[in-house]
Visitor: 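My structure is below; once you've seen it, I'll send some questions.
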Amino acid sequence: MSKIEQFLNAKLQERKDNLSIRNLSTNHPPFDFCSNDYLGFARSTELRKHIEDNVATVAHYLNGAGGSRLLSGNTQYTEETEQFIADFHLAESGLIFNSGYDANVGLLSSVPQRGDTIISDELIHASIIDGCRLSHATRYKFLHNNINDLETKLQLAKGNIFVVVESVYSMDGDIAPLLEISNLCEQYQANLIVDEAHATGIFGDNGRGLINQLNLTEKVFARIVTFGKAIGTHGAIILGSNSLRHYLINFARSFIYTTAAPIHNVVAIKSAYEFLNKIDHQLIHQKIALFRKALMEKKIRALDSKSTIQGIVFSSNEATKHAATTLQNKGFDVRAILSPTVALGKERLRICLHTFNTNEEIISLVNHLKALN
């Protein structure tokens, strides 16, 4: 066995020994409390028909993109879709990326420069961390949702300052104090960047997100909206000024050096956005309220969350994996989130709620959770 193969196997064995090894699975129990398909768009036959109808209108385009957006992969339809989404979110402009990861890496690696400062929440998404690491800016992190610690870091900042948060955090499901953060950014002349991945479709008028709900659209330098959660498709868009869009086209490497998404993917995104105007946006909040009420009645401790993401902490990889397996055997698709994805001692079941989860399924899940406690 070669030296590099020995290294790979040794690192994998470490993961096996501490019960944190990851494996792909095709097993999907019938009751989905795992996916990010909060509004059921990914499984909607009505939306699928709407997409198929819209695809027929762009049949003159290539089946595949054929190249990067800067070469042969750009279309008028894509640019119209970007502006359509920007208008929906009350932003000046937008640029589509192939994934939320690509968007965050492209933005954070290209805009902040040497001598600038990035300050991010300690629980920020891995894609933002990686983007920050690729930047030459000075980097600080502040305690999760802690305004006082953020101000301490702002007092140390130099150059152009960028504060980076998520509106809804992907593992805890809690909401950032965006009004207070925005006020601090204004006080210290910092540029606020907000990842709205798990707020889009859920909060705000017709699912426009928390930035819109809180009337902060004029206070935010950039928003990242991903399409692989409530929108039920794939990709992401960075929303901001026309200048930011043009800058990213010229300097964001994850945009420049990748093949564009095929046109049918762009059609799916636009079609899903059109569907946001047709659904009952209170339904998902009714499901969240039902779940929280049932937890309280059963005296089950959970992370504080008003979002679709609900966390039940078990405090070890072994206990969390056992709980997940038990629930999966009962038909509930619930997954364990283990360290190092979350901090040691904060391993949890990450339960995602959806409009298609019946009230009976939700109550039954809570009853089975009670049996595990």
Side-chain angles (χ1 to χ4, degrees), residues 1-29 34-36 64-73 97-114 118 120 122-141 164 170-171 195 197 224 226 228-229 234-236 251-262 265 314-326 328-329 333-350:
M1 185 182 296
S2 67
K3 189 174 180 180
I4 188 60
E5 289 292 329
Q6 291 176 10
F7 166 78
L8 299 179
N9 288 329
K11 297 299 290 185
L12 287 170
Q13 189 60 49
E14 287 179 15
R15 286 285 174 92
K16 292 176 183 177
D17 292 343
N18 63 25
L19 302 179
S20 63
I21 191 73
R22 297 182 177 102
N23 293 292
L24 295 174
S25 174
T26 56
N27 177 41
H28 299 287
C34 167
S35 78
N36 294 326
S68 72
R69 290 276 301 275
L70 285 167
L71 296 178
S72 60
F97 285 72
N98 285 354
S99 71
Y101 191 98
D102 285 339
N104 279 326
V105 168
L107 176 66
L108 273 304
S109 65
S110 67
V111 176
Q113 303 293 303
R114 192 181 306 276
I118 302 171
S120 61
E122 65 177 341
L123 297 187
I124 207 74
H125 194 269
S127 59
I128 297 175
I129 294 172
D130 288 355
C132 293
R133 285 172 174 168
L134 289 170
S135 167
H136 293 293
T138 301
R139 303 190 302 275
Y140 298 109
K141 61 183 178 182
V164 194
S170 60
M171 287 296 126
D195 187 323
I224 302 92
T226 59
K229 278 73 177 177
H234 185 72
F251 295 99
R253 293 166 70 86
S254 59
F255 174 85
I256 298 167
Y257 299 108
T258 191
T259 299
N265 188 63
F314 282 82
S315 299
S316 78
N317 280 349
E318 185 175 16
T320 310
K321 289 180 77 170
H322 171 74
T325 300
T326 301
Q328 289 164 14
N329 289 337
D333 195 355
V334 174
R335 303 300 172 98
I337 305 297
L338 310 174
S339 59
T341 299
V342 293
L344 193 67
K346 294 187 176 181
E347 298 83 358
R348 81 281 304 269
L349 296 178
R350 180 180 182 269

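Only a predicted model underlies this, so the values are computations on that prediction, with no experimental measurement involved.
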Visitor: Shortest non-hydrogen contact from I118 to C132?
Guide: CG2-SG, 3.6 Å
Visitor: Which residues pass the side chain to side chain donor-acceptor pair (under 3.5 Å) test with H136, not counting sequence neighbours?
Guide: R114
Visitor: Do you know the tightest heavy-atom contact between S170 and R350?
Guide: O-NE, 2.7 Å
Visitor: For Q13, what residues pass the side chain to side chain donor-acceptor pair (under 3.5 Å) criterion, not counting sequence neighbours?
Guide: D17
Visitor: Between H234 and N98, is there a donor-acceptor pair closer than 3.5 Å when you use the side chain of the first and the backbone of the second?
Guide: yes
Visitor: Do Q328 and R335 come within less than 4.5 Å of each other through their side chains, counting heavy atoms only?
Guide: yes
Visitor: Where do A137 and P112 come nearest, in terms of heavy atoms and distance?
Guide: CB-CB, 3.9 Å
Visitor: Suppose we screen for ring pair (Phe, Tyr, Trp, His ring centres under 6.0 Å). Which residues come up paired with F97, at least two apart in sequence or across chains?
Guide: F255
Visitor: For residues I21 and L12, determine if any side-chain heavy atom of one lies less than 4.5 Å from a side-chain heavy atom of the other.
Guide: yes
Visitor: Looking at E122 and S120, would you say the former's side chain and the latter's main chain have a donor-acceptor pair under 3.5 Å?
Guide: no
Visitor: Determine whether a donor-acceptor pair (N or O, by modelled atom type, separation under 3.5 Å) exists between the side chain of S254 and the backbone of G106.
Guide: yes
Visitor: Can you find a side-chain donor-acceptor pair between S20 and N18 that sits under 3.5 Å?
Guide: yes
Visitor: Is there side-chain contact between I124 and I129, with at least one heavy-atom pair below 4.5 Å?
Guide: yes
Visitor: Ignoring hydrogens and geometry, is there a side-chain-to-backbone donor-acceptor pair from E347 to L338 under 3.5 Å?
Guide: no
Visitor: Ignoring hydrogens and angles, tell me if any N or O in the side chain of R22 forms a donor-acceptor pair with the backbone of R15 under 3.5 Å.
Guide: no
Visitor: Can you name the nearest heavy-atom pair linking S127 to V105, along with the distance?
Guide: O-CG2, 3.6 Å
Visitor: Yes or no on side-chain contact (heavy atoms from CB on, under 4.5 Å) for R348 and K346, after CA distance, side-chain angles and deciding distance?
Guide: CA-CA 6 Å; R348 81 281 304 269; K346 294 187 176 181; 3.8 Å; yes
Visitor: Taking all heavy atoms of K321 and all of L19, pick out the closest pair and write down the distance.
Guide: CD-O, 3.5 Å
Visitor: For the residue pair G100 and T226, what are the closest heavy atoms and their distance?
Guide: CA-CG2, 3.5 Å
